[in-house]
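Scroll down for the structure; my scribbles are underneath it.
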Amino acid sequence: EVQLVESGGGLVQAGGSLRLSCAASGFTSDDYAIGWFRQAPGKEREGVSCISSSDGSTYSADSVKGRFTISSDNAKKTVYLQMNSLKPEDTALYFCAAEIQPWRSCGRTLREYDFWGQGTQVTVSS
């Protein structure tokens with residue numbers, strides 16, 4: 001059974017940084033992608049960033065480019081999201097998700113993902 005556990009969320013002032021972690025377990029394939037999504041109160045869940053396990057290619061949404069960096073430690077099956085220059089509008093519940101045998105490097109949309117974590121709250125104060 002695939003399990004994803006997020007950690008690293010918290011309260012930070014605008015301009016500050018946080019690093020989120022997503023620890024994955026239970027994979028039966030080495031070909032997978034991990035994505036980070038977020039959902040603010042009253043808003044739809046949106047894609048933030050993703051990374052491929054096979055070639056390390058990444059994708060980031062325009063709203064976080066230049067501020068957020070996704071990386072992975074495949075040996076530990078852990079993916080990180082380094083978030084710098086945080087803004088109040090980054091406040092959300094952040095989820096990681098796993099896509100097994102992705103049809104492209106890593107999925108951009110919710111429906112491409114097979115497993116989800118429970119989320120970690122990020123709150124950015126102004």
Side-chain angles (χ1 to χ4, degrees):
E1 179 185 0
V2 173
Q3 290 190 329
L4 302 167
V5 180
E6 303 97 334
S7 61
L11 173 63
V12 65
Q13 288 188 332
S17 299
L18 284 174
R19 189 177 81 155
L20 305 184
S21 298
C22 172
S25 62
F27 288 139
T28 58
S29 169
D30 287 333
D31 182 16
Y32 59 89
I34 299 291
W36 283 99
F37 291 80
R38 65 186 182 186
Q39 188 166 18
K43 294 188 176 181
E44 293 187 351
R45 195 171 298 189
E46 63 175 0
V48 175
S49 193
C50 63
I51 188 167
S52 164
S53 71
S54 59
D55 62 9
S57 58
T58 64
Y59 162 83
S60 290
D62 288 344
S63 58
V64 304
K65 276 181 182 175
R67 300 188 299 123
F68 292 10
T69 303
I70 191 169
S71 62
S72 66
D73 183 335
N74 284 350
K76 294 182 179 180
K77 286 191 167 50
T78 299
V79 171
Y80 305 97
L81 185 68
Q82 178 66 44
M83 306 187 297
N84 299 328
S85 302
L86 282 161
K87 305 175 182 179
E89 51 263 44
D90 294 319
T91 294
L93 188 60
Y94 282 70
F95 300 88
C96 68
E99 179 186 10
I100 307 302
Q101 296 182 329
W103 64 273
R104 52 178 169 177
S105 60
C106 61
R108 315 287 198 260
T109 64
L110 280 71
R111 62 182 176 86
E112 295 176 75
Y113 287 84
D114 305 294
F115 302 96
W116 291 82
Q118 294 299 306
T120 185
Q121 179 67 39
V122 171
T123 303
V124 184
S125 63
S126 56

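- A distance of 15.0 Å separates OG in S7 from OH in Y94, rounded to the nearest 0.5 Å.
- Hydrophobic clustering, with ILVMFWY side chains joined whenever heavy atoms are under 4.5 angstrom apart, groups L4 together with W36.
- Between V122 and V124 the shortest side-chain heavy-atom distance falls below 4.5 Å.
- Between the side chain of Q82 and the backbone N or O of I70, no donor-acceptor pair lies under 3.5 Å.
- Hydrophobic cluster membership differs between L93 and V64, with clusters built from Ile, Leu, Val, Met, Phe, Trp and Tyr side chains linked at under 4.5 angstrom.
- Side-chain atoms of T91 do not come within 3.5 Å of backbone N or O of T123 as any donor-acceptor pair.
- Under 4.0 Å is where a charged nitrogen must lie from a carboxylate oxygen, and between K87 and D90 no such pair does.
- Side chain of R67 to main chain of S85: a donor-acceptor pair is present (N/O by atom type, distance under 3.5 Å, no hydrogens or angles).
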Please evaluate residues V2 and T28 with respect to the criterion side-chain contact (heavy atoms from CB on, under 4.5 Å), reporting the C-alpha separation (whole Å), side-chain torsions for both, the decisive distance (0.1 Å), and the verdict. CA-CA 9 Å; V2 173; T28 58; over 6 Å; no

Ring pair (Phe, Tyr, Trp, His ring centres under 6.0 Å) for F37 and W116? Distances and angles first, verdict last. CA-CA 10 Å; F37 291 80; W116 291 82; 4.9 Å; yes

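- Within a 6.0 Å radius of CD in E46, more than 12 heavy atoms belonging to other residues, nucleotides or ligands are found.
- Here the side chain of D73 pairs a donor or acceptor atom with the backbone of K76 at under 3.5 angstrom.
- Put simply, the side chain of E6 gets close to the backbone of C96: a donor and an acceptor are under 3.5 Å apart.
- Taken to the nearest 0.5 Å, the CG atom of L11 stands 5.0 Å off from the OG atom of S125.
- Within the 4.5 Å cutoff, the side chain of F95 has no heavy atoms near those of the R38 side chain.
- Under a cut-off of 6.0 angstrom, the local environment of CG in D30 is sparse, with at most 12 non-hydrogen atoms contributed by other residues, nucleotides or ligands.
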Using a 3.5 Å cut-off and no angle test, enumerate the donor-acceptor pairs between side-chain atoms of residues 16-27 and protein atoms at least two apart in sequence or in another chain.
from, atom 1, to, atom 2, distance (Å)
S17, OG, N84, OD1, 2.9

Can you give the donor-acceptor pairs under 3.5 Å from side chains of residues 101-114 to other protein atoms, not counting sequence neighbours?
from, atom 1, to, atom 2, distance (Å)
W103, NE1, E112, OE1, 3.1
R104, NE, E112, OE1, 3.2
R104, NH2, E112, OE2, 2.9
R108, NH1, C106, O, 2.5
T109, OG1, E112, OE2, 2.8
E112, OE2, R108, N, 3.0
E112, OE2, T109, N, 3.0
Y113, OH, G107, N, 3.3
Y113, OH, G107, O, 2.8
D114, OD2, I100, N, 2.8

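- Side-chain heavy atoms closer than 4.5 Å link hydrophobic residues (I, L, V, M, F, W, Y) into clusters, and following such links, possibly through other members, connects L81 to F115.
- Side chains of M83 and S49 form no contact here, defined as non-hydrogen atoms less than 4.5 Å apart.
- A donor-acceptor pair is defined here as one N or O able to donate and one able to accept, closer than 3.5 Å; such a pair exists between the side chain of S29 and the backbone of D31.
- For the pair I51 and Y32, the minimum side-chain heavy-atom distance is 4.5 Å or more.
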